[in-house]
Trainee: 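The structure is given below, and queries will be raised subsequently.
Numbering of residues begins at 1 and proceeds along the displayed sequence. Every number for a ligand or one of its atoms is a count from 1 in the order of the listing. From a predicted model like this one, the values you see are computed outputs, not experimental measurements.
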Amino acid sequence: EMQVKRVVLNSRPGNNGVPDPENFRLEEVTVSPDLEDGEVLVRTIYLSVDPYMRCRMNEDTGAEYLTPWQLSECVDGGGVGVVQSSRCSTCVEGDVVTSFNWPWQTQAVLKGSGLQKVDPQLVDGQLSYFLGAVGITGLTALLGIREKGHVTKGANQTMVVSGAAGACGSIAGQIGRLDGCVRVVGICGSEEKCNALVKELGFSAAINYRQDDIPARLKETCPDGIDVYFDNVGGDISDTVIAQMNNNSHVILCGQISQYNKDVPYPPPLSEETQENLRRKNITRERFMVLSYMSKADAALYELSQWVRSKKIKVLETVVNGIENMGVAFCSMMKGGNTGKQIIKIS
Ligand code: NDP
């Protein structure tokens with residue numbers, strides 16, 4: 001018998017509520033390490049908190065591909081860990097594995113078939129990258145740009161990224177530059193983040209949406225207009241960006257986090273004025289869902305790993321220690337407490 005710690009859903013914030021750490025509860029439970037055929041005992045190393053989890057806190061997630069977390073049951077999401085013992089033919093002790101449905105638990109017995117084995121060399125041993133830059137958020141940035149961005153080398157394009165200092169945004173801006181945009185401007189929520197974008201990640205300019213005059217700063221920093229908009233946030237910020245986009249330009253509709261604590265469908269409805277801007281200027285704005293492109297994941301993860309290892313892409317992370325801080329870390333990320341990918345180190 002082993003003593004493990006786990007996090008369960010304690011209460012729901014309500015469809016219109018701001019999530020609170022009290023919505024989560026830490027428990028100690030005993031787990032039998034005895035394995036059935038096909039099972040694996042894993043030790044959790046890192047866990048991820050992500051914006052889509054806000055939907056899983058509701059009884060009705062509003063998305064057919066997301067199941068709600070159940071009250072008093074163990075919460076799950078992206079995780080990476082190491083195999084401690086195995087009765088599954090595809091993994092052995094010492095293997096590093098990941099899953100999108102990793103329980104928020106320090107050690108767990110899982111079905112081996114639900115785990116993906118990963119090669120630590122791809123990330124030079126930085127296993128948390130499998131949850132970010134060389135994982136789902138990196139894939140979202142890369143495939144979002146490639147599938148919906150229409151970025152072309154030599155075409156003198158300007159890209160704007162919202163949520164630019166977050167996990168997806170910080171990678172998206174760097175890929176925009178590497179794929180050939182001549183100008184990449186980020187929008188984010190603090191001066192410190194603006195500095196990181198320009199000084200560390202090579203963005204051309206950054207706009208602090210809490211302080212700056214966004215339309216004026218966009219005019220100044222995007223003198224040739226905007227050709228590609230990687231949208232992580234939606235709401236007023238996106239209306240403002242779209243108003244300055246060029247004819248025949250493209251919105252990558254990645255996420256709309258400014259609307260996630262509101263009881264609205266996804267994607268949230270646009271104002272009449274923004275719809276008219278899209279029509280009049282022939283701007284594309286197709287919904288992008290990374291899970292629809294998983295056939296391209298292996299090649300894309302390899303490309304991301306090469307960029308990260310050669311330092312052409314710089315990875316930013318905000319790491320919090322301890323499974324007891326999962327709820328705090330999630331709520332902090334939803335309010336902008338993270339720069340780069342929010343990671344929780346478990347062991
Ligand atoms: P981030 O690391 O970007 O964290 C969320 C960030 O959102 C915060 O750091 C905060 O930064 C910003 N934010 C929070 N509230 C607001 C607000 N009201 N207005 C503007 N910004 C806000 O998370 P991810 O990179 O994981 O996710 C980014 C987006 O990508 C989300 O919308 C997510 O749903 C989406 N996504 C989509 C996928 C897909 O397949 N389409 C897959 C993965 C993610 P700040 O300080 O700047 O406010």
Trainee: Hey, which residues fall under 4.0 Å of ligand 1 on heavy atoms?
Mentor: Pro51, Thr137, Thr140, Gly166, Ala167, Cys168, Cys188, Gly189, Lys193, Tyr209, Arg210, Asn232, Val233, Ile237, Cys254, Gly255, Gln256, Ile257, Ser258, Tyr260, Phe288, Met289, Val290, Met333, Met334, Gly336, Asn338, Gly340
Trainee: For side chain to side chain contact (heavy atoms under 4.5 Å, CB included), just list the numbers for Phe24 and Met326, CA-CA rounded to whole Å, side-chain angles, deciding distance to a tenth of an Å, and then say yes or no.
Mentor: CA-CA 8 Å; Phe24 300 94; Met326 290 302 296; over 6 Å; no
Trainee: Hey, are Ser128 and Glu317 close enough side-chain-wise for a donor-acceptor pair under 3.5 Å?
Mentor: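 Side chains of Glu317 and Ser128: pair found under 3.5 Å.
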Trainee: Parallel, tilted or perpendicular for Trp69 and Phe330, by the 30°/60° rule?
Mentor: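 Rings of Trp69 and Phe330: perpendicular, as their planes differ by over 60°.
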Trainee: Stepwise, does the salt bridge (Lys or Arg N to Asp or Glu O under 4.0 Å) test hold for Glu147 with Lys296?
Mentor: CA-CA 11 Å; Glu147 297 295 327; Lys296 302 187 176 176; 2.8 Å; yes
Trainee: Kindly write out the residues that satisfy salt bridge (Lys or Arg N to Asp or Glu O under 4.0 Å) with Arg25, not counting sequence neighbours, or none if the list is empty.
Mentor: Glu27
Trainee: Under 4.5 Å between any side-chain heavy atoms of Pro223 and Arg183, yes or no?
Mentor: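 Yes. Closest side-chain heavy atoms under 4.5 Å.
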